Protein chains: 2
Amino acid sequence: MSVPLYQAKAEMFRTLGHPVRIRVLELLQDGPKPVRDLLAEIDVEASNLSQQLAVLRRAGIVASFRDGALVMYALSTPDVADLLAAGRRILGAVLTDRDGLLVELRAQRR
Amino acid sequence: MSVPLYQAKAEMFRTLGHPVRIRVLELLQDGPKPVRDLLAEIDVEASNLSQQLAVLRRAGIVASFRDGALVMYALSTPDVADLLAAGRRILGAVLTDRDGLLVELRAQRR
DNA sequence: GCTCAGCTTGCAGACTTCTGCAAGTCGGCA
DNA sequence: TGCCGACTTGCAGAAGTCTGCAAGCTGAGC
């Protein structure tokens, strides 16, 4: 294999590792949206958003097409929603663990 | 919220965005393992592996404990396995799409 | 107490990624 | 045809990540 599988996986996760890109994917979960709508919700420079969209496009995670005067973006596969959900679950588990530790630490008075 | 949720999510995904860290997590899916075993399977400098383990530890994705002379690492939550599985599914979807496009491109003779 | 295996930490140089500004492209419409 | 809104591209400086070498730490066993 020219690019080992685990490297491809790492690249995919890295692609998701940016606040703007996460926001975009979350917004696209409800269906295709034009760039202008994303821009209205995300509060970032247009050029920056465009760069981040390009990253997602290159990774094959979203697809774009033109609809009249607007450029629309959509998730390339609904599996992305699962990934985000799994991420949320882990975040939840990690944060409760952390709080648990916090409580433990307090209990030990240290 | 001091750290917006989507930023925390982005950080989590970024944490997974490294070949060595992905390998570690895959290996740990089968249960806790000492560093020396990971080192034997991953082919990377000990110091490098240690750095990557520290990244995962800081993110709360793995936990470490000592067992005799060895330092053991384990997934902090089994949810991590779900995330990896979801990642695999998307990668599969994206790659088939890409092949699909490839076929299309060939069909158009371009 | 010493020594050694098994890890971790501290760096620094090479390399990537991020961000905003300025400029460019592309349809749609008057 | 010319103009305008809607995006995208090209940079370049700032910031962050990665890697290996050398040094440090910490139990276990003698």
Side-chain angles (χ1 to χ4, degrees), chain A residues 3-4 6-25 27-28 31-76, chain B residues 3-4 6-25 27-28 31-76:
Chain A
V3 175
Y6 47 84
Q7 173 140 0
K9 284 185 209 168
E11 268 164 37
M12 215 208 51
F13 283 119
R14 184 139 32 105
T15 298
L16 303 187
H18 186 291
V20 169
R21 297 197 292 261
I22 287 283
R23 287 279 274 150
V24 166
L25 295 179
L27 291 169
L28 293 184
K33 276 192 170 22
V35 175
R36 56 166 14 224
D37 284 14
L38 298 173
L39 197 52
E41 304 220 41
I42 300 185
D43 184 44
V44 73
E45 285 262 324
S47 66
N48 193 335
L49 178 58
S50 208
Q51 297 276 10
Q52 307 311 333
L53 287 172
V55 171
L56 291 171
R57 229 187 313 120
R58 258 178 260 129
I61 292 175
V62 303
S64 67
F65 55 95
R66 186 172 271 273
D67 178 11
L70 305 177
V71 175
M72 308 285 289
Y73 276 83
L75 297 185
S76 68
Chain B
V3 175
Y6 46 83
Q7 175 141 359
K9 284 184 208 169
E11 267 164 38
M12 216 209 50
F13 283 119
R14 185 137 33 104
T15 299
L16 303 187
H18 187 291
V20 168
R21 298 197 292 261
I22 288 283
R23 287 279 274 150
V24 166
L25 294 179
L27 291 169
L28 291 184
K33 276 192 169 23
V35 175
R36 59 172 3 234
D37 283 15
L38 297 174
L39 198 52
E41 305 219 42
I42 299 185
D43 184 44
V44 73
E45 285 263 323
S47 66
N48 193 336
L49 178 58
S50 209
Q51 296 276 11
Q52 308 311 333
L53 287 172
V55 171
L56 292 170
R57 230 187 312 118
R58 259 178 260 130
I61 292 175
V62 303
S64 67
F65 54 96
R66 184 171 273 274
D67 177 10
L70 305 178
V71 176
M72 308 285 290
Y73 276 83
L75 296 185
S76 68

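By convention in this document, chain letters (A, B, ...) are assigned in the order of the sequence lines, proteins followed by strands, and residues within each chain are numbered from 1. What you see is a predicted model; the values in this text were computed from it and never measured.
dA6(D) atom P lies 14 Å from atom CE of M72(A), rounded to whole Å. Between the CZ atom of R58(B) and the C1' atom of dG16(D) there is a distance of 13 Å, rounded to whole Å. What separates CZ of R57(A) from C1' of dT9(D) is a distance of 11 Å, to the nearest Å. Rounded to a whole Å, the CD atom of Q52(A) is 12 Å from the P atom of dT8(D). Between the CG atom of L53(B) and the C1' atom of dC18(D) there is a distance of 15 Å, rounded to whole Å.
In this structure, R57(B) contributes its side chain and Y73(B) its backbone to no donor-acceptor pair below 3.5 Å. In this structure, T15(B) contributes its side chain and E11(B) its backbone to a donor-acceptor pair below 3.5 Å.
Remark: K9(B) pairs with E26(A) by the salt bridge (Lys or Arg N to Asp or Glu O under 4.0 Å) rule, at least two apart or across chains. With sequence neighbours left out, the side-chain hydrogen bond (donor to acceptor under 3.5 Å, both in side chains) criterion links Q51(A) to no other residue.
Counting non-hydrogen atoms under 4.0 angstrom, L39(B) reaches nothing in the nucleic acid.
Taken residue by residue, residues 40-50 of chain B places heavy atoms nearer than 4.0 Å to DNA chain C at A46(B), S47(B), S50(B). Residues of residues 14-22 of chain B having a heavy atom closer than 4.0 Å to DNA chain D, listed by number: R14(B), H18(B), R21(B).
Chain B approaches DNA chain C within less than 4.0 angstrom (heavy atoms of the protein), and the contacting nucleotides run 5' to 3' from dG6(C) to dC11(C).
In this structure, Y73(A) reaches the dT8(D) phosphate: one of its side-chain N or O atoms is under 4.0 Å from OP1 or OP2.
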Inset, instruction - Show the numbers, then the answer: is there a side chain to side chain contact (heavy atoms under 4.5 Å, CB included) between V55(B) and I61(B)? - result: CA-CA 9 Å; V55(B) 171; I61(B) 292 175; over 6 Å; no
Tabulate atom names and distances for all N/O pairs under 3.5 angstrom spanning the protein and nucleotides 23-27 of chain D.
none

